[in-house]
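Count residues from 1 along the sequence.
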Amino acid sequence: MTVVQVGIVVIAVLGVGAVFAVAIVDGVLGAMDHLTIGDRLVNWTKNNPWFAGAASFILGVLISHFFWPGD
């Protein structure tokens with residue numbers, strides 16, 4: 001395996017691991033009748049609509065960068 005392949009595997013494992021970690025924490029919070037991550041995110045976006053819109057725009061620009069055809 002080359003260094004690039006190892007880097008891609010590490011990034012993929014960290015990304016998938018983060019999604020699983022959020023899902024586990026969300027499930028535990030829901031089972032304990034606490035506010036889940038989704039509920040907390042909804043409350044935060046209601047309190048900060050302009051910042052949430054700007055963050056969504058920036059995230060969309062960063063993600064679309066990967067799919068935009070280059071020269």
Fellow cluster residues of Met1, listed by chain then number, with links counted only when side-chain atoms sit under 4.5 Å apart: Val6, Val9, Val10, Val13, Leu14
Cluster check Leu62, Phe67: I/L/V/M/F/W/Y, side chain < 4.5 angstrom: no
same_hphob_cluster(Leu41, Phe51) at 4.5 Å side-chain heavy-atom cutoff: yes
Can you give the donor-acceptor pairs under 3.5 Å from side chains of residues 21-34 to other protein atoms, not counting sequence neighbours?
from: Asp26; atom 1: OD1; to: Ile37; atom 2: N; distance (Å): 2.9

Under 3.5 Å: donor-acceptor pair, side chain of Asp39, backbone of Leu35: no
